[in-house]
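Below: one structure, written as structure tokens.
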Amino acid sequence: MAQYNLQINNRTYTVDAEPDTPLLWILRDNLGLVGTKYGCGIAQCGACTVHSNGNAVRSCVLPVSAAAKSKITTIEGLSEKGDHPVQQAWAEVDVPQCGYCQAGQIMSAAALLSKNPEPTTAQIETAMNGNICRCGTYHRIQEAIVLASSKIK
Amino acid sequence: MTIQKTNRRNFLKLAAAAGGGLWLGFNWSSTDATPIKIATNAEATSSALIDFNGYLSISPDGVITIFSPNPEVGQNIKTTFPMIVADELDADWAKVKVLQAPLDSTKFERQVTGGSGAIPHSWERLRKAGATARHMLVEAASKKLNASVSELTTDKSFVIHAGSGRKLSYGELASEAMNVPVPTEVKLKDRKDFKLIGKLIPNVDNHEMITGKPLYGLDFYREGMLFAMIQRPTAFGMKIKTADLTAIKAMPGIVDVVTFKNNVAIVGKSTWQVMKARKKLKVDYEPEGKLESTEDHNRIFKELLESKDAAVKRKDGDVDAAFSKAAKVITREYQCPFLPHNTMEPMNFFAHVREDGVELIGPTQTPDLARTETAKLLGIPPEKVTVNMTRLGGGFGRRLKADYATEAAELSSIIKAPVKVIWTREDDMMGGYYRPAVRYRFSAALDDKGNMIGYKLRGAGINAGNSTREDNFPAGAVDNLLIESIEHQSPITSCPWRAPITNFLAYAEQSFLDEVAGEAKQDPVQFRLNLLQKAKQSPVGAMKYDVDRMIGVTKLAAEKANWGKKNDVFQGFSVYFSHRSYVAQVAEVAMVQGKPVLKKIFAAADCGIVVNLSGSYQQVRGGIIDGLGHAMFGNLTFNAGAVQQNNFNNYRLIKFKEVPEIEVDFVDNGIDPTGLGEPALPPTGGAVANALFKATGKRIYEQPFIKQEGMGDVNISRNL
Ligand code: FES
Ligand code: FES
């Protein structure tokens with residue numbers, strides 16, 4: 001066990017954990033930030049996507065010891081009122097079905113748009129291909145990203 | 001305007017909560033019964049409540065609350081049900097609050113998500129509930145405004161008196177409405193007056209979902225709860241020989257390690273500590289039954305297709321005679337593998353077994369089964385078990401099983417503590433209950449004019465039950481027809497998988513009919529229309545489908561896709577009836593640099609009245625993507641009872657880049673609505689296989705498609 005200070009959603013959390021604990025389980029079990037989801041545990045589905053210094057990363061394979069060095073944003077911290085342009089677009093387009101993958105989808109989309117506010121279709125495909133949606137909401141995800149992009153402009 | 005007779009027994013005014021307001025209970029299982037007196041408030045809060053179950057309440061501040069009884073897996077029921085009530089009520093949708101009801105089998109009749117059955121079951125009940133409440137509010141307004149009921153209209157939670165320009169809100173009227181007798185008859189709206197039904201209404205849980213609020217079973221947490229994972233046998237047909245638990249008992253965060261049945265449960269204080277300890281677990285297994293491999297199944301299929309023991313599911317006419325006089329006989333076989341459901345949220349359940357009762361909380365499609373199986377297991381009366389449903393991160397049929405809930409209860413009873421059992425993705429994919437593997441043999445007899453005079457189908461399944469749907473098309477359209485089914489019982493467990501049986505049967509049948517149409521030198525769409533005409537003019541035997549509705553979707557899909565009139569793409573057609581709804585599809589494949597690219601799928605659906613247009617688009621597109629992804633890629637294989645795929649690195653699910661453009665049209669016929677969670681899936685595989693055949697000249701007889709000769713290069717893209 002070691003102690004880590006984590007910068008998450010502009011707050012500092014202190015946790016006691018084993019160094020190899022993935023950030024995903026720190027968020028969910030230690031901090032009660034359960035918006036970040038478990039889907040595969042091996043960086044294959046994107047359900048656990050968070051931002052580390054603004055980049056989309058898979059928190060299921062990011063050890064807490066490494067996460068402690070960066071600024072982390074989770075779905076809970078993406079915006080104060082749930083009104084980030086990507087979240088707005090997601091609601092307007094009515095993207096979710098079961099909804100389980102959607103926090104990860106939104107975090108991937110938000111990271112893409114923060115770097116590239118007007119992505120091409122091919123760039124959207126590349127950025128989103130690692131996020132599986134078992135319900136098959138892919139068309140609306142694309143539609144929502146295009147809408148969010150127009151809101152950011 | 002439809003007038004609906006309601007008997008009083010079906011509606012009950014409930015005791016108003018503190019602060020007053022209108023509370024109406026309505027009976028989901030309403031049938032004709034003798035009227036009884038309206039319960040007093042005191043009765044309503046006690047035993048008289050028993051028969052009355054849906055709740056609709058309007059509080060004096062205008063908030064309308066509707067309880068949704070059915071598990072929400074993403075089929076959008078939690079939005080759709082309340083919409084129907086709210087439309088008849090003329091409620092301001094923005095002020096409607098929807099709450100998930102817990103399991104209450106004394107109140108709700110069908111708290112199940114499965115079979116696309118919720119909407120047909122509840123459509124009229126929900127409308128009556130809304131219309132009854134509206135009637136009572138209007139009566140109350142009539143008294144208050146001293147105006148006759150006929151002068152009053154309703155809109156957006158207001159009763160309006162156009163003559164005087166006065167209006168009263170439902171909130172203001174709620175307490176008075178409580179004193180109005182429940183009507184015996186209510187008027188239901190004309191379809192043209194629907195304000196919500198048929199519109200694009202967003203999901204009521206959108207805000208919670210997109211802001212990451214705790215909603216799912218895996219998100220549930222209670223102070224003092226323990227976390228557990230269970231090591232189940234690594235192969236079907238194995239049992240525990242020895243288990244060495246001492247090493248991991250001492251690991252950090254581990255509270256207990258116990259064995260029960262063939263399981264080893266590791267119980268700890270956090271998910272990761274349990275996962276880590278589990279890696280050190282040493283268990284030896286030994287066979288207790290057959291250890292089957294995929295090769296065994298391939299051999300077994302051949303035996304079953306030749307066996308004399310198949311059950312005859314349907315026989316019309318003289319099949320032998322038809323085949324012996326046929327000008328041409330076509331026989332083909334189609335096979336599909338087992339498939340895991342892979343709900344995005346893996347299985348999990350919270351259980352707390354106490355002296356005085358059992359509490360179960362988690363994602364289930366059938367809470368009642370979780371209760372009865374848990375009660376049986378623990379030897380207690382079912383009333384002692386409560387079940388609360390979380391939102392489900394997908395179901396697809398897997399959560400129609402209660403194994404993962406009872407397992408949690410069993411563990412809690414052993415360790416005497418509240419515990420949540422969590423399945424890893426590997427546990428989930430390897431832990432059983434799959435879409436059964438099936439092989440079909442179809443034969444068609446054609447006369448010299450190309451008419452199908454005989455038809456035979458034999459389904460051979462591994463734990464598939466009846467692998468045919470004997471009263472579906474083309475039954476009814478062929479004079480001489482034989483449908484048989486036979487199964488092999490295996491230790492590999494199966495269960496319903498979205499559109500059970502038809503998820504593969506439709507592909508096989510629609511591929512076969514396409515090939516038969518080719519042999520008969522007929523256009524595939526026309527060939528089906530001819531058969532349907534025959535079924536209409538001279539139907540043979542029982543038919544579950546409505547011929548005109550099947551013709552309707554067939555024509556609509558062909559028209560929208562401009563069937564047979566395009567030069568730049570190869571089109572494939574498929575049409576299927578399942579779960580009371582009808583869906584036809586046209587798939588379009590282009591050849592790009594010598595390789596086939598699936599670019600677009602048109603779908604025409606007839607589910608009667610479309611309740612929520614937004615959710616309906618989602619169900620059709622989602623069903624198509626599900627059907628496509630699994631037909632193209634899905635493959636679960638076995639070696640000596642052990643599953644050979646265990647996570648998304650070796651089991652392929654369809655991804656963002658791999659979906660074609662999808663265009664959806666609904667038939668507008670005003671018929672009472674039927675379900676849409678499943679019916680769009682079955683036709684997809686056939687439409688795609690038929691289009692790929694036109695593009696490449698190769699027929700596909702097995703899933704997954706990409707494993708078949710010449711299909712490894714198939715690309716799917718809406719953007720290429
Ligand atoms: S849970 Fe991290 S990528 Fe799947
Ligand atoms: S919405 Fe269900 S997995 Fe994406």
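- Counting heavy-atom pairs under 4.5 Å between each of B:Glu661, B:Met429, B:Lys213, B:Met209 and chain A puts B:Met209 at the top.
- Residue B:Phe648 comes nearest to A:Gly39 through the heavy atom pair CE1-O, 3.9 Å, listed as atom of the first residue, atom of the second, then distance.
- Closest approach of A:Tyr100 to B:Tyr216, counting heavy atoms only: N-OH, 3.2 Å.
- Contact record, B:Pro202 with A:Ala91: CB-O, 4.4 Å, taken as the closest heavy-atom pair.
- Interface remark: B:Leu392 contributes backbone atoms only to the contact with chain A (heavy atom separation under 4.5 Å).
- Contacts of A:Ile132 with chain B are made by both backbone and side-chain atoms, with heavy-atom separations under 4.5 Å.
- Going from atom SG of A:Cys98 over to atom CG of B:Leu215 covers 10.5 Å, rounded to the nearest 0.5 Å.
- Contacts of B:Arg435 classified as salt bridge (charged side-chain N to carboxylate O under 4.0 Å, His left out), with partners at least two apart in sequence or in another chain: none.
- By number of non-hydrogen pairs under 4.5 angstrom with chain B, the leading residue of A:His139, A:Met128, A:Gln87 is A:His139.
- Heavy-atom minimum distance, B:Gln618 versus A:Pro96: NE2-O, 3.5 Å.
- Using a 4.5 Å cut-off between heavy atoms, A:Thr21 touches chain B through backbone and side chain atoms alike.
- Between B:Lys269 and A:Asp29 there is no salt bridge, since no side-chain N of the basic residue sits under 4.0 Å from a carboxylate O of the acidic one.
- With respect to chain B, the highest number of heavy-atom pairs below 4.5 Å among A:Gly35, A:Cys45, A:Gly99 belongs to A:Gly99.
- Contacts between B:Pro660 and chain A at a heavy-atom distance below 4.5 Å involve the backbone alone (N, CA, C, O).
- Tested against A:Asp94, the residues B:Leu200, B:Thr79, B:Asn206, B:Ile201 include a single side chain to side chain contact (heavy atoms under 4.5 Å, CB included) partner, B:Asn206.
- Judged as a salt bridge (charged side-chain N to carboxylate O under 4.0 Å, His left out), and not counting sequence neighbours, the contacts of A:Asp20 are B:Lys276.
- In this structure, B:Gly622 and A:Gln97 approach most closely via the heavy-atom pair CA-NE2, 4.2 Å.
- For the set A:Ala47, A:Ser79, A:Gly82, A:Cys40, the entry with the most heavy-atom pairs within less than 4.5 Å of chain B is A:Cys40.
- Not one N or O on the side chain of A:Asn129 forms a donor-acceptor pair closer than 3.5 Å with the backbone of B:Lys655.
- Contact annotation for A:Glu92: neither backbone nor side-chain heavy atoms come within less than 4.5 Å of a heavy atom of chain B.
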Report task. Verify side chain to side chain contact (heavy atoms under 4.5 Å, CB included) between A:Arg140 and B:Arg621, making sure each step is shown before the conclusion. Result -> CA-CA 10 Å; A:Arg140 284 199 175 168; B:Arg621 278 207 205 112; 3.8 Å; yes
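- Without hydrogens or angle criteria, A:Arg134 side chain to B:Gly394 main chain gives no donor-acceptor distance under 3.5 Å.
- Here A:Val34 is the residue among A:Ile141, A:Thr74, A:Thr36, A:Val34 with the most heavy-atom pairs under 4.5 Å with chain B.
- The distance from the CZ atom of B:Phe656 to the CD atom of A:Glu125 is 6.5 Å, given to the nearest 0.5 Å.
- You'll find the side chain of A:Tyr138 stays beyond 4.5 Å of the side chain of B:Lys657, heavy atoms only.
- More than 12 heavy atoms of other residues, nucleotides or ligands shown are found within 6.0 angstrom of NZ on A:Lys151.
- Counting heavy-atom pairs closer than 4.5 Å to chain B, the top-ranked of the candidates A:Val95, A:Ile106, A:Ile42, A:Ile26 is A:Ile42.
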Requested in this report: Report the C-alpha separation of A:Trp25 and B:Met275 in whole Å, then their side-chain angles, then the decisive distance to 0.1 Å, and conclude whether the side chain to side chain contact (heavy atoms under 4.5 Å, CB included) test is met.
Outcome: CA-CA 11 Å; A:Trp25 299 115; B:Met275 277 182 169; 3.7 Å; yes
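- The two atoms that bring B:Asp219 and A:Lys37 nearest to each other are OD2-NZ, 3.0 Å, heavy atoms only.
- Both the backbone and the side chain of A:Ile124 come within contact range of chain B, each with at least one heavy atom under 4.5 Å from a heavy atom of that chain.
- Between chain B and the options A:Ala103, A:Gly77, A:Cys101, A:Cys135, the largest number of non-hydrogen pairs under 4.5 Å is found for A:Cys135.
- Donor-acceptor pairing under 3.5 Å is lacking for the side chains of B:Ser270 and A:Arg28.
- Side chain of A:Gln102 to backbone of B:Ile210: no donor-acceptor contact under 3.5 angstrom is found.
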Report task. Just do the side chain to side chain donor-acceptor pair (under 3.5 Å) check on B:Arg425 and A:Gln44 with the steps written out, would you? Result -> CA-CA 11 Å; B:Arg425 176 59 57 196; A:Gln44 292 287 320; over 6 Å; no
